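What follows is one structure encoded as structure tokens, with my remarks underneath.
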Amino acid sequence: MTASGDPVDLDNSVAAPPLPEALEAWRAGALDAWADERARHGSGARSRLVLDEVRGALATALGDPGCLVGLPPDHVRALHAAVLGCAAPGRADGPVVLSAVEHSAVHHAAADAARSAGSTEPREVPVDGDGRVDLEALERALPGARVACVQHANAEIGTVQDLERVHALCRDAGVPLVVDAGASLGHVPVPAAWDVLVASPRAWGSVAGAAVLALREGVRWRPHEPGEAGASRRPGEHPGTVDVPAALAAAVTLQGLLAGPLGAADPRHALVDRLRGALATVPSTRLVGHPDERLPHVLTLSALYVPGEELVRRLDVRGLRVGSGSACTADTLRPSHVLAAVGALTHGNVRVGLARGTGPEAVDRLAEALPEVVAEVRRELGAEDL
Amino acid sequence: MTAGPGGGAPDVLVVDARGLRCPLPVLRLAAAVRDLPPGTRAAVLATDPAVVHDVPAWAGMRGHTVESVGPVDDAGAKADGRTDAAGYRVLVRLGP
């Protein structure tokens, strides 16, 4: 058995330990901009100023200084706002189009939009075995659609979509495109191929409290939450306050990350390649997700005949903290819809997400422990020769 | 493992995995067909919804063919007399 070392976090595709710059910016924001940004006095003005600068900085970082930046409390709420805001009943009541591998919040919001508008069911576009959207199927689904939702990259399997082509198809069909960049912004360059963008600062190493909802000028968006009748609300804004310190941390950290190595240049890309190579030899397992068009820091693997929760538990005992898409590890006790959509085995799933600064030693420990743990569990279940 | 309820044609080996959670249904199926020749047909009955994904995934990894996948309204009475609620049935044929 591999010796246990200090615990190491290897489940950081959705939540990463906060970067020191995030904590510094948060603290400065908390001390300086705690006042309600709507207040008419000097303290409110101070918060308003910080918030305006933050929105401007984020818009610039996204490559569109003219876009409107909303700061909903978290990724899920930002996705709800993006989908429901664009799908609000109005002149166009066609269906919501979405890929099969969207975040579950997008699936929920799309179903909700269909129910409340009394309109047709959402049109789900299938993906191939690597998780890439079927572009021909997307093209067929777009005519008459109200809005299309295609993520930039997937947090579970790491596959990156061809957004330029997706957006071109949406443009030709006159359908606004909502892009969930919650797994990609801050890790890989995000092309300008979106009309609405959602991102998750928590996933790039900032603090929780504020997510990003960006609307290009001209995108039709309506508030979907209760609020003051007749009150004007900036597109993308939510009722309630903005977590200004968290928003400030998001802007500061994003600027820093975008100035550094992204994608294949990110050192994590090579670490994941190393892990892929080591784990490809484990018998009766499948690495899931596109081997090349992928996030630098994510890897997922499914192993036949073993329960995912058992793999996670035994790796945890060895100090290796990983995630899983298996039903036995989920709150809902349902398997990951992403694994199901790509036709991958849903049981025995281990998901790895590397935070920045993860060293090769952590990866090597996992490369050694995972095959051992899989073999151990199979032996106990009498599944060695199946 | 008998040609029990839901088995259909007599030449289908039925693996009753109702009440078992994944990965046991797949494990039982794999154990049941381990030494059987290509062309053998086997159906697994399960209440765990993951079988709908995992038996086809197993078949793909092992070079077998899925003939049908679907829910069953009445997975039939188990040997102890209890009738379970709706389940799933996946029919595979060994080999390509």
Side-chain angles (χ1 to χ4, degrees), chain A residues 100-101 126-131 156-157 280 282-289 300-312 324-330 332-350 373-374 377-386, chain B residues 1 13 15-38 40 42-71 84-96:
Chain A
V101 292
V127 297
D128 66 17
D130 287 330
E156 292 190 53
I157 64 176
V282 182
S284 302
T285 60
R286 179 188 156 183
L287 287 169
V288 187
T300 195
L301 162 150
S302 291
L304 265 181
Y305 311 135
V306 297
E309 70 187 339
E310 210 34 50
L311 294 182
V312 170
S324 173
S326 295
C328 44
T329 63
T332 58
L333 288 181
R334 281 198 296 273
S336 152
H337 68 286
V338 173
L339 294 176
V342 302
L345 191 65
T346 68
H347 74 238
N349 182 259
V350 165
V373 162
V374 168
V377 176
R378 282 180 181 158
R379 242 185 336 264
E380 289 172 24
L381 289 174
E384 298 158 274
D385 306 316
L386 292 179
Chain B
M1 288 168 281
L13 172 67
V15 175
D16 186 350
R18 289 171 299 175
L20 298 178
R21 276 180 60 195
C22 75
L24 291 183
V26 171
L27 227 156
R28 295 288 167 93
L29 175 62
V33 303
R34 174 161 51 186
D35 300 313
L36 300 181
T40 305
V44 58
L45 297 179
T47 43
D48 186 345
V51 292
V52 162
H53 309 295
D54 290 349
V55 172
W58 165 84
M61 288 165 84
R62 285 288 182 265
H64 303 313
T65 309
V66 174
E67 290 194 350
S68 67
V69 183
D84 286 327
Y88 305 89
R89 178 173 179 267
V90 187
L91 177 61
V92 301
R93 189 181 71 244
L94 300 187

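So you know, we letter chains A, B, ... as the sequences are listed, proteins then strands, and number each from 1. No experiment lies behind these values; they were computed from the predicted model shown.
- For chain B, the nearby parts of A/L381 are the backbone and the side chain; heavy atoms of each come within less than 4.5 Å.
- A/L386 and B/R62 get closest at one heavy-atom pair: O-NH2, 3.1 Å.
- B/H53 NE2 to A/H337 NE2: the interatomic distance, rounded to the nearest 0.5 Å, is 11.0 Å.
- Using a 4.5 Å cut-off between heavy atoms, A/P335 contacts chain B through its side chain alone, with no backbone atom that close.
- Annotation: the span from B/L27 atom CG to A/H347 atom NE2 amounts to 7.5 Å, rounded to 0.5 Å.
- Using a 4.5 Å heavy-atom cutoff, the side chains of A/D385 and B/R34 are in contact.
- Residue B/D54 comes nearest to A/T346 through the heavy atom pair OD1-N, 2.7 Å, listed as atom of the first residue, atom of the second, then distance.
- Of the listed residues (A/S284, A/G343, A/A327), the greatest number of heavy-atom pairs within a distance under 4.5 Å of chain B belongs to A/S284.
- The backbone N or O of B/P49 lies less than 3.5 Å from no partner atom in the side chain of A/R334, so there is not a single donor-acceptor pair.
- Only the side chain of A/E309 comes within contact range of chain B, judged by heavy atoms closer than 4.5 Å.
- Only the backbone of A/A344 comes within less than 4.5 Å of a heavy atom of chain B; no side-chain atom from C-beta onward does.
- With a 4.5 Å cut-off on non-hydrogen atoms, A/T285 touches chain B through its backbone but not through its side chain.
- Between the CE atom in B/M61 and the CG atom in A/L304 there is a gap of 4.0 Å [rounded to 0.5 Å].
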